[in-house]
Amino acid sequence: MTRIELTVDGAKVVDDVEPRLLLVQYLREQLGKTGTVIGCDTASCGACTVHLDGHSVKSCNVLAVQADGAEVTTIEGIATNGELHPLQEAFRECHALQCGFCTPGMIMQSADLLAENPHPTEAQIREGLEGNLCRCTGYQNIVRAVRYAADATSATTDGGAA
Amino acid sequence: MIPAPFEYARPTSVDEALGLLAGSDDAKVLAGGQSLLSVLRMRLNAPELVVDIGRIDALRGIREVAGGGGAIEIGAMTPYHEILASDEIRTGLRLLHDAVAEVGDPQVRHRGTLGGSLAHADPAGDCGAVALALGAEMVIAGPGGERVVPADEFFQDLFTTAVGEDELLVAVRFPGYPGWGSRYEKFVRTAQDWPIIAVGACVRMADGKTISEARIGLTNMGPTPLRARAVEEALVGMTPTAEAVGAACAAVADGTSPPSDLNGDADYRRHLATVLARRAVLAAAGAA
């Protein structure tokens, strides 16, 4: 067993884990954070995407021990004070989900994309989401939702500045 | 899928890592893990010891080589997204930048590293052919100190490189190519996929009209990345019209041994190589 100490969704956690434990298993099975799902289990579909020290990663392709000392944010940690994150709001508003299984990963990857590029073009959104698969093929509304969130965020920011 | 159990060590220096590797008969080095973890989870390999080099700060970073005429050294543990963010590499090593941009997807590029990819030596990896085409040098640390291996001696066979069991790839050096044009042409069925094949071309023009030098690397056209030297030579002195370049590139698959799989058989790949090579060279020559 290896001792790990990390921050998950703002809370400090300390655990002894087997080195072979995957980060996604640690999140789901040890911390009960089942909002992060396992889709393909082969690092293809992106459903398990979380942020590790501010960057999106596929948590089925990271060992829990590699996250030692890091800050992890999951889909369960992005709403603040009961207010949905702008992307969660946008996905609801634009009906950007059908079965909903890819949604946690789509939102976490979209958040990463918007952090790097707050005003992406449609092509940039599609490229930014290339590592996330929607089994319902509902990409149109997912792309719309990311645009919606980008516009909503910049409207708020512009309003604040004025 | 869960990897078989292994011992785990996380050294903080190259010497410590080398000591761990020397002390085990069955160790694997874990860089960013974007290839190795899949291998371990599918239980294609089950090493006794995994040496995680993710906390060795000295292995990370992009620096100009002093007195190297624009040469750039990239630490083996530098993740793809840091390479992509580097202005130095975007302007000075455009071919590498463009190939790295094609690796996997954003999540993979956040974790995956240049050194990890080269040491893993998957023939479908985007970086190998580019390292070869650009004449990169691999800096390898071992019990007796460091040695430098040119890219064309580095890739030895499928998933096999010059890095010994008790050695560690620590950095990759790229010569400068001021004034050269380049293009990485990759063919995939889905955006995030491994290339069915890819061609990286780097071209220097004389007086903007004729090709004075060309370097071409092939991805997934054999068990290792390949240089298309005969085509490189045929291009010298050529005015890069579609016809002339196409004719020269018709020989690009000569002597290669591409795999056959569900994405295409070897003959299809050979054909694809001629098409992508023509496109890559024309674009690199500014004639596309």
Side-chain angles (χ1 to χ4, degrees), chain A residues 1-4 17-26 29 38 40-70 105-106 108-113 115-117 123-133 139, chain B residues 1-12 27-28 30-55 57 77 79-82 84-85 101-113 116 186 188-194:
Chain A
M1 297 292 239
T2 300
R3 170 67 52 97
I4 57 170
V17 299
E18 256 196 284
R20 62 173 170 161
L21 185 74
L22 303 171
L23 179 60
V24 70
Q25 293 174 296
Y26 176 67
E29 294 164 20
I38 300 174
C40 65
D41 203 19
T42 56
S44 301
C45 80
C48 65
T49 299
V50 301
H51 293 181
L52 183 61
D53 283 336
H55 292 298
S56 60
V57 300
K58 293 179 172 177
S59 61
C60 77
N61 218 24
V62 177
L63 297 171
V65 287
Q66 289 179 290
D68 181 30
M106 285 286 180
M108 295 311 288
Q109 180 52 29
S110 300
D112 184 275
L113 167 67
E116 218 164 275
N117 178 3
Q124 287 169 333
I125 294 171
R126 289 180 185 276
E127 269 172 35
L129 295 176
E130 69 179 324
N132 292 72
L133 304 179
Y139 295 103
Chain B
M1 291 173 290
I2 304 167
F6 52 77
E7 293 294 316
Y8 174 79
R10 196 168 62 203
T12 53
K28 284 300 280 183
L30 175 65
Q34 298 306 284
S35 296
L36 182 62
L37 288 180
S38 296
V39 168
L40 298 185
R41 292 168 53 206
M42 288 186 276
R43 303 213 177 185
L44 300 173
N45 198 337
E48 271 173 21
L49 172 69
V50 168
V51 178
D52 178 357
I53 57 170
R55 305 292 161 105
D57 293 339
M77 278 300 293
Y80 295 120
H81 79 105
E82 285 182 17
L84 281 177
E102 292 290 335
V103 173
D105 51 53
Q107 293 97 316
V108 167
R109 294 194 292 269
H110 284 142
R111 294 293 297 171
T113 64
K186 169 170 170 171
V188 286
R189 288 175 61 236
T190 61
Q192 61 175 190
D193 233 336
W194 296 89

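All heavy atoms count here, side chains included; hydrogens, waters and symmetry mates do not. The chains referred to below are lettered A, B, ... by the order of the sequence lines, with proteins before strands, and numbering in each begins at 1.
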Do A:Gln66 and B:Leu37 come close enough that some side-chain heavy atom pair is under 4.5 Å?
->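 The answer is yes; the side chains approach within 4.5 Å.
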With a 4.5 Å limit on heavy-atom distance, are the side chains of A:Ser56 and B:His110 in contact?
-> yes
Grab the two heavy atoms, one from [X] and one from [Y], that are nearest each other, plus how far apart they are.
X	Y	result
B:Leu30	A:Leu63	CD2-CD1, 3.9 Å
A:Asn61	B:Arg41	OD1-NH1, 3.6 Å
B:Pro106	A:Gly131	CD-N, 4.4 Å
B:Arg55	A:Asp68	NH2-O, 2.8 Å

Between A:Leu21, A:Ile38, A:Leu113, A:Asp112, which shows the greatest number of heavy-atom pairs under 4.5 Å with chain B?
-> A:Asp112
Could you tell me which of A:Glu18, A:Gln109, A:Gln25 has the largest number of non-hydrogen atom pairs under 4.5 Å with chain B?
->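 Option with the greatest count: A:Gln109.
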Part of residues 44-54 of chain A lying next to chain B, heavy-atom separation under 4.5 Å |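 Within residues 44-54 of chain A, the residues under 4.5 Å from chain B are A:Ser44, A:Gly46, A:Thr49, A:Leu52.
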So, B:Arg10 side chain and A:Val65 main chain: donor-acceptor pair closer than 3.5 Å or not?
->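 Looks like yes, one N/O pair under 3.5 Å.
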Kindly check if the number of other-residue, nucleotide or ligand heavy atoms within 6.0 Å of CD (A:Glu130) is above 12?
->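 Count over threshold, so yes.
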In terms of heavy-atom pairs under 4.5 Å with chain A, which of B:Pro5, B:Gly32, B:Gly104 leads?
->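 Highest number of heavy-atom pairs under 4.5 Å: B:Pro5.
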Rounded distance (nearest 0.5 Å) linking atom CG of A:Leu129 with atom CD of B:Gln192 | 11.5 Å
Residue pair B:Gln107 / A:Asn132, side-chain donor-acceptor N/O under 3.5 Å | yes
Would you sort out whether B:Thr190 and A:Leu133 count as a side chain to side chain contact (heavy atoms under 4.5 Å, CB included), showing the intermediate values?
-> CA-CA 11 Å; B:Thr190 61; A:Leu133 304 179; over 6 Å; no
